[in-house]
Amino acid sequence: MASIQITEATKSYGNTAVLHGIDLNIQDGEFIVLVGPSGCGKSTLLRMIAGLEEVTSGSISINERIINDLPPRDRDIAMVFQSYALYPHMSVEENISYAMTLRKSPKEKIASAVNGVSSILGLNGLLERRPKALSGGQRQRVAMGRAIVRDPQAFLFDEPLSNLDARLREQMRSEIRKLHRKLNATSIYVTHDQIEAMTMADRIVAMHDGYIQQVGTPLEIYDKPANVFVASFIGSPAMNFIKGTASASGDGYHLQTDQGHQIILPESSGLKDRMDVILGVRPEHLMIVEEGPASLPATVDLIEPMGLSTLVHVRVGQDSLKIFTLDRPDIAEGTQVHVSYIKEKLHMFDARTEMRLESPV
Amino acid sequence: MTAATDLGTHPASRQGVTSRRFLSRFEPYFYAAPAIVLLVTVMMVPLVVGLTYTVRDIRILNPFSGGYVGFAHFEAVWHDQNFHNALYNTFWWTVSSLFFQFFLGLTLALLLNRTFPGRRIIQSLVFLPWAVPAFLSGLNWAWMFNPVISPLPQWLFALGILSEPTNILSDPDLAMWGPIVANIWFGIPFFAITLLAALQSIPGEIYEAASIDGASRKQQFVSITLPFLAPTIAITLMLRTIWIANFADLIIVMTNGGPADSTQIVSSYIFTQAFRRLDFGYASAIAAVLLVLLMAYAVSIIFIRRSLLRET
Amino acid sequence: MAYYAKSKGQRVVDWSVHYGLLACYLFFALFPLFWLFKVAVTPTKLLYSEGIRMWPSEMTWTNFTQVMTDTDFPQFFINSAIVSGSTAFISTLIAAAAGYSFSRFHYRGKAVIIVLMLITQMFPLVMLIAPIFRILTPLGLTDSLLGLVVVYTAFNVPFATFLMQSFFDGIPKDLEEAAMIDGNTRFGALVKIIFPLTLPGIAATLGFVFTAAWSELLFALMLVSSPDAVTFPVGLLTFVSKFSVDFGQMMAAGFLALIPAAIFFFLIQRYLVQGLTAGAVKG
C-alpha cells in the first residue's frame, strides 16, 4: 500500500493552465475524493497520478519516490474509468486477468485471483461473456474486478458510477466503501456528485478552476466550508446565501441585508463595521416560525414534499431561500410566513474575497 | 528542482527517466515517420523537381535540351489554343461528371439508408463498378458505345436521345459524353459510400422529434438531412473535383483526346505532351498551371466549408 | 429516414418506387459487366453477327482457356497480384501508424503534415512520372515490381491514412489507457487492444488500396517495360494493340482481371461505410 504526495503540481496545455500549484498528501489507506464541477481539473489531476497526462511542473510521488516520468504500467496503480473501458473483444475473465497475464503471473495464481474477485463481486456466472452481453451494473463490476485483481498500490476511480441509474449508484457506493474497508487500499476517487463525496470519502478535496479550494473530512467541509464555492457546492439542498453589510450594534454585529432586513451575526474577529458580507445558511438551519423579534417576513413560493422531509421555497424580499424540515408544514403556496434561523449555524464570508470569516463555534 | 529531488532519492534512475521523457515526446513522430518519409521522397521531391522542369527545356529525344528557358513555357501555355480548348473541356468534363455522380450517388445513398430485405447484397452489387479498373471500364464502355457490338446505341436511339444509332465516340459534338458516362458509372459508388456513411451517423431521434413536430419527409430532408450532410458533401465534392480533373485514364483509353481534340482535357493533354511528343518541360508547365488552379479551388472550398460549419 | 404511420396503399407505392429505383441502379451498374462477360463467352465467328443479341446462340469458354494457356496473361496476373498485395499490405501498415498518430496525439507540425497530404491529392500525377523515373533509375527500381510498389504505396498512403484515422477516432481512448495502466506499453496496447478492434477498418483500407493498385495504368506503363514485370492493365493494353482482332480474348482477360478486385471490394465495402460512419460521428 502507498502514500501519495503531490507537490506544487501544475498542468498546462500550451499557454492555458488547467491546474495551479496543487499540494496534496494522501496517507496510506486513505479514501480521497476529488470533487468539483466539470472543468475544475479533478480528472486531469487523477490522470496525472495515473501517468496518462504529463506533469508540467512540480512532482507526484508514490511512497516518497517521484514518479513524474514513470509510464503508467510501472506505477502499480489500477484505474476504473467512467466508460469502464472494458476490452470488447475479450471475455469477462480475460478482461479481469489481462493485467496479471501481462505480468506473466503463473496460471494457477491468475485463476485463483480471478475466482476470488469474481466471487467478491458476484461475477461468477458471467466469466465467459463478452462485455457487450452485460448490463451496465455488471460492466461496472467487471471494471472494478479488473482493478481489484491486481492488488495495486493505489486505486484511481474516474467518475465510475455516473453511467448507472440512481438505485444502482447508491448500491455501488456502499459496496465500494465496504470493499475499501476490506482491502484498505489507498484510493483516489473523482466525482462531480457531492453526495458521493460526502458518503464515501475519508477526506474530500474540493476543487474549482484548477485550484484546491479545501481539504478536509466530509463533516469539516460541510460544517466549515472555507469559501463561498465550497459552501455552495457541498450539501444538498444547497446552502442559501444572503448578501448584506455588517454593521456594529452594541457589542456585536448585525447584517443589514440588501433587502432591508436585519440579521444578528455570530461573533467573529474577521468582522468590521460596514464590511460587505455574504451570509450562508443551510436549509436545515432555517425554520418557519410565528412572528418574533428575530424573524424575517417571507412569501411561500413552492412546497416540495419528499415524504421523509419537506422542502419549502420562500422569498424574503428578492432573496430566494430553501427551508428543509422534517415536519409537514400546513401552509399553502403564496401565503405569508415568518422565517427564523439558528444564529450559531450561520456561515459568514467576506464578500470581496469570498473567504470564510471564522466564528468561535 | 524536480530533477534534484529525483537525483537525491534515486541517483541511478536519472538517465532512464530523461530518455523516457525524450521517447514519449517523440512518440507521435515515430508513428507518422514512415508516411512522412515516403511522401517526401516519392511525392514532394519529385514535385519540386517537376516544378524546376517548368523553366527548363526538357525534351527526351533532344540531346541539346536541358537549358534554362525562363517563363517561355508559361508564355506558350498562355497562347496555346489547344490548352485553352483542353481547359474548356476539363471544365465540362469535371462539372458534368461531378453533377451526375453526386446526385445519383446521393439518391442511391438515400435509397440504401433504409432497412429492407436484400439490402446487403444490393449494396454490394451497386458498389461494384468502383472496383473495376479504370482502363477496363474505359475499354468496356468504348465497346458499349459501338453500335455493331452493343445494343446501347439502339436503345438511346429508341429513347430519342440519339437521332440515329451511331457511335457517339466518333462524333466530335457528342464524344465527350462517352467518357463522362463511363466516369459517372465508375464514380457513383464513391459518393454513395461516403454519403451513406454520413447519413448513418445522423442520430435517429432527430427524425423522430421532427416527425412528431409535424415535419413532412421533404421538410425533414431539407432541414435535417442536408445540413447534416453539408460538411461531408463539401469535402467529398472537393476531393472528387480534383481527382476527376486529374483523371485522364478513361479518356486516354476511350478516345485518346479525339476526335479532333474534342475530348482532350488538360491532364490528357499533359500526357500527350509528355509521352507522345516527349516534351517534359512544356508538360510540366501545363501541370503546374493545373495544380495552381486546383489549389485555388480547394482553398476556396475549404473556406466555404469553414463558414458553413461556423453557422451550424 | 424515420418512418411513421402510413396507409397501406401509400406504403405499397413507397416501396415500389424504392425497389424500382434500385432496380435501375442495379441495371446501370451491372449491365456493362454482364456485357463484358457476354462478349467473352461469344465465339469469335458470332461476335459481329450476333453483336447486339443479349446472349449468343452458342456459348464457349475457349476465350478463357486460350487466355490462360496461350498468352503471358497468367504472368501479368501474378505480377499484379504481387504488386497490389504488397502495396495494400505496406500502405495499410504505414497508414495505420500515421492514422494512429493523427488520431491520438496532438503535436507540433501535425497540421502541416495533414495539409501536405491533402496537397499530394491534388497533383496531376503525370507530372511526377518524369522526376520519379529519374529518381528510381539510379536505384535500379525502374522496370521492377518493387519500384511500382514503392510508388503506389506513396500514392495511396494519404487517403489510407485519413481512412485509418477515422477508424481509430471511433475507438475510445480509454481502452488503450486502461491497457497502459494494466501493464502495456503504448505500442503493446496498440497491438493487443486497438488493432483487434480496428480489423474491419484494416480490411477496408486493404481493400481500397488493393483495388487502386490493381487498376493503376499510367505509372505501370511508364516505369515498366520488360514483360516479366508487366502488370495486368498494361498487359491488357498490349492485348488491344497485339490482338486487336481478338476482342473475345481481350474481354475474357478483362473479366478475369476484374475478379480479384471485385471479390475484395465486395467483401469490404460494408466496412468502408462503417468506418466512415464511426469517424463522422466524432469529427
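Each chain gets a letter, A, B and so on, in the order the sequences are listed, and its residues count up from 1.
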Taking every non-hydrogen atom, the tightest pair across [X] and [Y]:
X: C:Y25; Y: B:L108; answer: OH-N, 3.5 Å
X: C:S215; Y: B:F135; answer: O-CD2, 3.7 Å
X: B:I149; Y: C:W35; answer: O-NE1, 2.9 Å
X: C:F27; Y: B:W155; answer: CZ-CZ3, 3.7 Å
X: B:N140; Y: C:P32; answer: ND2-O, 2.9 Å
X: C:W15; Y: B:T115; answer: CH2-O, 3.8 Å

Tell me, for [X] versus chain C, whether the close heavy atoms (under 4.5 Å) come from the side chain, the backbone, both or neither.
X: B:P117; value: both
X: B:I242; value: side chain
X: B:P34; value: both
X: B:L51; value: both
X: B:S137; value: neither
X: B:W185; value: both
X: B:S268; value: neither
X: B:P147; value: backbone
X: B:L104; value: both
X: B:L111; value: both
X: B:I270; value: side chain
X: B:A35; value: both

Gap between atom [atom2] of [Y] and atom [atom1] of [X] - 0.5 Å precision:
X: C:R186; Y: B:E27; atom1: CZ; atom2: CD; result: 5.5 Å
X: C:M250; Y: B:L136; atom1: CE; atom2: CG; result: 8.0 Å
X: B:L125; Y: C:L30; atom1: CG; atom2: CG; result: 5.5 Å
X: B:L128; Y: C:L258; atom1: CG; atom2: CG; result: 6.5 Å

**Report entry** Side-chain donor/acceptor of B:W130 to backbone N/O of C:F208, under 3.5 Å
**Finding:** no

Requested in this report: Against chain B, work out which of C:F210, C:Y100, C:W214 has the most heavy-atom pairs shorter than 4.5 Å and name it.
Outcome: C:Y100

Report summary line: Per-residue tally against chain B (heavy atom, under 4.5 Å) across C:M54, C:M222, C:R104 peaks at C:M222

If I measure from the heavy atoms of chain B, does [X] come under 4.5 Å with its side chain, its backbone, both, or neither?
X: C:L21; answer: both
X: C:L22; answer: both
X: C:L93; answer: neither
X: C:L136; answer: neither
X: C:T153; answer: both

Chain C interface, residue from [options] that has the most non-hydrogen pairs under 4.5 Å:
options: B:L294, B:L199, B:L291, B:D249; result: B:L291
options: B:Y31, B:Y297, B:F186; result: B:Y31
options: B:A134, B:G118, B:S150; result: B:S150
options: B:W143, B:F127, B:F271; result: B:W143

Query raised in the report: More than 12 non-hydrogen atoms from neighbouring residues, nucleotides or ligands closer than 6.0 Å to CZ on B:R119, yes or no?
Result: yes

Query raised in the report: Is atom CZ of C:F187 surrounded by more than 12 heavy atoms (other residues, nucleotides or ligands) closer than 6.0 Å?
Result: no

Requested in this report: Name the orientation class of the two ring planes belonging to B:F116 and C:Y19 (parallel below 30°, tilted from 30 to 60°, perpendicular beyond 60°).
Outcome: perpendicular

Query raised in the report: Would you call the rings of B:F190 and C:F159 parallel, tilted or perpendicular, where under 30° means parallel and over 60° means perpendicular?
Result: tilted

Query raised in the report: Hey, are the side chains of C:F28 and B:P129 touching, using non-hydrogen atoms and a 4.5 Å cut-off?
Result: no

Query - Note, B:P151 side chain near C:F31 side chain (heavy atom, < 4.5 Å) - result: yes

Let me check something: any side-chain donor-acceptor pairs from residues 40-50 of chain B under 3.5 Å, sequence neighbours excluded? List them with distances.
{"from": "B:T41", "atom 1": "OG1", "to": "B:V37", "atom 2": "O", "distance (Å)": "2.9"}
{"from": "B:T41", "atom 1": "OG1", "to": "B:L38", "atom 2": "O", "distance (Å)": "3.3"}

Query - Evaluation steps, side-chain contact (heavy atoms from CB on, under 4.5 Å), between C:L36 and B:V132 - result: CA-CA 12 Å; C:L36 184 69; B:V132 178; over 6 Å; no

Report summary line: Contacts of B:Q219 meeting side chain to side chain donor-acceptor pair (under 3.5 Å) (sequence neighbours excluded), chain-then-number -> B:S216

